[in-house]
Amino acid sequence: MTELIYPATAVLNGQHRVPVSLVYDPSDPWAVTFAVGERLWLFARDLLASGVYEPSGHGDVQIRPDTGGAFDAVLVTLSSPSGTAELALPRGTVEALLDAADAVVPAGCEEIDWDTEWSRLTEGPAAA
């Protein structure tokens, strides 16, 4: 199956517009990749889905709806040893990615190909 890629423009720390992408790969059905420039953040699809409606997450990735901003957004806070950034994503883009992901692999119907995963673990990425 093919990756679903949803590009968007996010607002970084309430000031700068930056290009970002949300990526869903059906071969890793529980995860969403958030690309900000060359940086990739991998987190649970459930975390993103919950964060559209209520504050979700602890630690490096926290997601919550924007309840007071100038536009309909989902706020993603990313933390690392070098600092913290808050990105406001268009809610419509987030919801479109989640709807498309659910159409490909409905939530609760995720599966793992254990033979492929075992090969990848024991023989390295070339085995997959």
Side-chain angles (χ1 to χ4, degrees):
M1 287 186 250
T2 305
E3 288 182 334
L4 305 174
I5 302 171
Y6 282 71
T9 299
V11 178
L12 174 63
N13 296 329
Q15 298 178 357
H16 308 286
R17 294 188 176 277
V18 295
V20 299
S21 293
L22 289 167
V23 180
Y24 178 74
D25 183 349
S27 69
D28 189 1
W30 288 278
V32 170
T33 301
F34 182 41
V36 183
E38 297 296 316
R39 308 265 179 176
L40 301 177
W41 293 77
L42 184 71
F43 51 83
R45 176 170 70 158
D46 287 352
L47 175 65
L48 184 60
S50 296
V52 170
Y53 301 103
E54 63 186 5
S56 300
H58 301 282
D60 294 344
V61 179
Q62 298 177 24
I63 303 172
R64 67 188 188 284
D66 184 2
T67 58
F71 59 94
D72 197 17
V74 175
L75 303 175
V76 178
T77 303
L78 304 172
S79 300
S80 74
S82 61
T84 300
E86 181 176 84
L87 294 114
L89 297 171
R91 183 183 180 117
T93 301
V94 173
E95 289 176 335
L97 171 89
L98 292 168
D99 289 346
D102 278 343
V104 174
V105 181
C109 296
E110 301 91 343
E111 294 181 359
I112 293 177
D113 178 349
W114 287 109
D115 292 333
T116 300
E117 290 302 315
W118 183 250
S119 293
R120 187 176 294 152
L121 287 170
T122 59
E123 299 171 27

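Positions are given from 1 along the sequence. Just so we're clear, the structure is a prediction, and the values are computed from it rather than from any experiment. Reckoned from all heavy atoms, side chains included, excluding hydrogens, waters and symmetry mates.
- When the side chains of ILVMFWY residues are joined at heavy-atom separations under 4.5 Å, either directly or via intervening members, Tyr6 and Leu75 end up in two distinct hydrophobic clusters.
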Original post:
Could you go step by step and tell me if Leu78 and Phe34 meet the side-chain contact (heavy atoms from CB on, under 4.5 Å) rule?
Top reply: CA-CA 10 Å; Leu78 304 172; Phe34 182 41; 3.9 Å; yes

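- By the side chain to side chain donor-acceptor pair (under 3.5 Å) test, Asp102 is found to be paired with Arg45, residues two or more places apart in sequence or in another chain being considered.
- A donor-acceptor pair under 3.5 Å links the side-chain atoms of Tyr24 to the main chain of Pro29, judged by distance alone.
- The two residues Ser21 and Pro7 have their closest heavy-atom pair at OG-CA, 3.8 Å.
- Closest heavy-atom contact between Ala35 and Leu40: CB-CD2, 3.6 Å.
- Residues in residues 47-62 take part in no salt bridge (charged side-chain N to carboxylate O under 4.0 Å, His left out) pair, two or more places apart or across chains.
- The salt bridge (charged side-chain N to carboxylate O under 4.0 Å, His left out) pairs that include a residue from residues 88-98 are Arg91-Glu95, where partners are two or more places apart or lie in different chains.
- If you take CZ on Arg17 and CG on Leu12, they are separated by 12.0 Å, rounding to the nearest 0.5 Å.
- Interatomic distance, Asp46 CG to Trp30 CH2, rounded to the nearest 0.5 Å: 10.5 Å.
- Among residues two or more places apart in sequence or in another chain, the salt bridge (charged side-chain N to carboxylate O under 4.0 Å, His left out) test is passed with Arg39 by none.
- A side chain to side chain contact (heavy atoms under 4.5 Å, CB included) with Val94 is found for one member of Val52, Ile63, Val76 and no other, namely Val52.
- Closest approach of Pro90 and Ala8 over heavy atoms only: CD-CB, 4.1 Å.
- Applying side chain to side chain contact (heavy atoms under 4.5 Å, CB included) to Leu89 and the options Thr9, Val20, Leu97 leaves one that passes, Val20.
- Gly57 approaches Gln62 most closely through the heavy-atom pair O-CG, 3.7 Å.
- Remark: Ala31 pairs with Asp28, Leu42 by the side chain to side chain contact (heavy atoms under 4.5 Å, CB included) rule, at least two apart or across chains.
- For Trp118, the CH2 atom is loosely surrounded, since the number of other residues' heavy atoms within 6.0 Å does not exceed 12.
- Between Ser56 and Ser50, the closest heavy-atom pair is OG-CB, 3.1 Å.
- Applying the 4.5 Å side-chain rule to ILVMFWY residues, one finds Ile5 in the same cluster as Val23.
- A donor-acceptor distance shorter than 3.5 angstrom exists from the side chain of Asn13 to the backbone of Glu86, with no hydrogens or angles considered.
- Across all non-hydrogen atoms, the minimal contact from Leu4 to Ala101 is CD1-N, 3.7 Å.
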